[in-house]
Amino acid sequence: MEKRISTMENTCDFASVRPIMLDLPYPSVKVREKNLAYANLLSFDYCGAVSEMSAITQYINNENRLSCEKCPIAKTILGIAMAEMIHLQKLGEMIVLLGGNISFTAKMNNGKQRMWTPKYLTLPDNAEQILRVSIESEEAAILQYKKHMQMIRDPYINAVLERIIRDEEYHIMILQVLMKDL
């Protein structure tokens with residue numbers, strides 16, 4: 001009796017995926033002066049509950065779960081994750097320039113630290129929920145960036161944060177279009 005082995009293959013090709021972001025330059029990454037309070041504030045954007053680290057991890061997980069069934073959505077989500085990686089890199093540069101340290105902990109000014117954890121993620125069950133949660137996450141990031149911009153009195157940092165916000169708004173628009181197409 002001949003034994004048959006069944007195989008499954010993901011035919012979704014990600015080779016052409018590029019970061020999904022506005023076609024606008026980013027301001028130079030620089031700071032007026034070292035400021036540990038600003039570095040600590042940006043550490044929440046870097047790796048807090050609402051952060052680029054959380055967004056990247058959530059998008060990559062969702063892309064993996066969608067790639068076999070909803071390839072176009074998976075490719076879009078991967079492209080958004082790639083843009084979030086660029087945001088993470090910019091934030092990391094600013095934290096270091098401000099005199100901070102990249103350690104995957106969000107640092108409070110009272111000295112307490114909160115290590116990034118996957119518990120911050122929401123892992124929905126289907127494409128519609130994935131898109132809804134993604135939109136909500138982008139909206140939360142925008143609100144947090146705006147709040148931080150009000151607290152930071154450095155025009156160089158705020159210019160980079162404003163540019164990141166523009167990408168996040170663009171991501172919301174793209175995710176809303178995907179929701180309508182479901």
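Just so you know, these numbers use all the heavy atoms, side chains as well, and skip hydrogens, waters and symmetry mates.
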Using 0.5 Å steps for rounding, measure from the [atom1] atom of [X] to the [atom2] atom of [Y].
X	Y	atom1	atom2	answer
Leu36	Asn101	CG	CG	9.5 Å
Met82	Met21	CE	CE	10.5 Å
Gln129	Asn62	CD	CG	10.5 Å
Ile20	Leu78	CD1	CG	8.5 Å
Ile95	Leu41	CD1	CG	9.5 Å
Leu66	Lys75	CG	NZ	13.5 Å

Close side-chain approach of [X] to [Y], heavy-atom, < 4.5 Å:
X	Y	value
Ile86	Asp167	no
Val160	Glu93	no
Pro27	Tyr156	no
Leu42	Ile157	yes
Asp181	Ile73	no
Trp116	Thr57	yes
Met94	Leu91	yes
Leu121	Ser54	yes

With distance as the sole test, does [X] use its side chain to make a donor-acceptor pair with the main-chain N or O of [Y] at under 3.5 Å?
X	Y	answer
His87	Ser51	no
Ser28	Lys30	no
Arg114	Ala49	no
Asp45	Tyr145	no

So which heavy atom on [X] is nearest to which on [Y], and how close?
X	Y	answer
Ile56	Ala81	CG1-O, 4.0 Å
Ser137	Gln58	OG-NE2, 3.8 Å
Tyr59	Ser134	CE2-OG, 3.5 Å
Met115	Tyr120	O-OH, 3.8 Å
Glu63	Ala74	CG-O, 3.4 Å
Tyr38	Met151	CE2-O, 3.7 Å

Kindly determine whether Arg132 and Glu128 satisfy salt bridge (Lys or Arg N to Asp or Glu O under 4.0 Å), including the steps that lead there.
CA-CA 6 Å; Arg132 185 176 300 112; Glu128 182 180 347; 2.7 Å; yes
Test Ser67 against Phe14 for side chain to side chain contact (heavy atoms under 4.5 Å, CB included), laying out the working first.
CA-CA 9 Å; Ser67 65; Phe14 294 96; 3.6 Å; yes
Test of understanding: clusters of I, L, V, M, F, W, Y form through side-chain heavy atoms closer than 4.5 Å, transitively. Do [X] and [Y] belong to the same one?
X	Y	result
Leu97	Met149	yes
Val17	Leu22	yes
Ile142	Met179	yes
Ile80	Val177	no
Val50	Ile60	no

Please tell me whether Asp23 and Tyr170 have a donor and an acceptor in their side chains that are separated by less than 3.5 angstrom.
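No - no donor-acceptor pair under 3.5 Å links their side chains.
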Step by step, would you call Cys71 with Cys12 a disulfide (SG to SG under 2.5 Å)?
CA-CA 6 Å; Cys71 182; Cys12 192; 1.9 Å; yes
State whether the number of non-hydrogen atoms from other residues, nucleotides or ligands found under 6.0 Å of Lys90 atom NZ is greater than 12.
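Yes, enclosed.
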Crowded around Glu69 CD? As in, over 12 foreign heavy atoms under 6.0 Å?
no
Determine whether Leu182 and Leu178 satisfy the following criterion, side chain to side chain contact (heavy atoms under 4.5 Å, CB included), listing intermediate values before the conclusion.
CA-CA 6 Å; Leu182 280 180; Leu178 291 175; over 6 Å; no
Apply side chain to side chain contact (heavy atoms under 4.5 Å, CB included) to Leu143 and Glu139, showing your working.
CA-CA 6 Å; Leu143 288 174; Glu139 291 170 340; 5.7 Å; no
Indicate the ring-plane relationship of Tyr46 and Phe104, choosing parallel, tilted or perpendicular according to the 30° and 60° boundaries.
tilted
Test side chain to side chain contact (heavy atoms under 4.5 Å, CB included) applied to Glu136 and Thr122, step by step
CA-CA 11 Å; Glu136 291 168 1; Thr122 302; over 6 Å; no
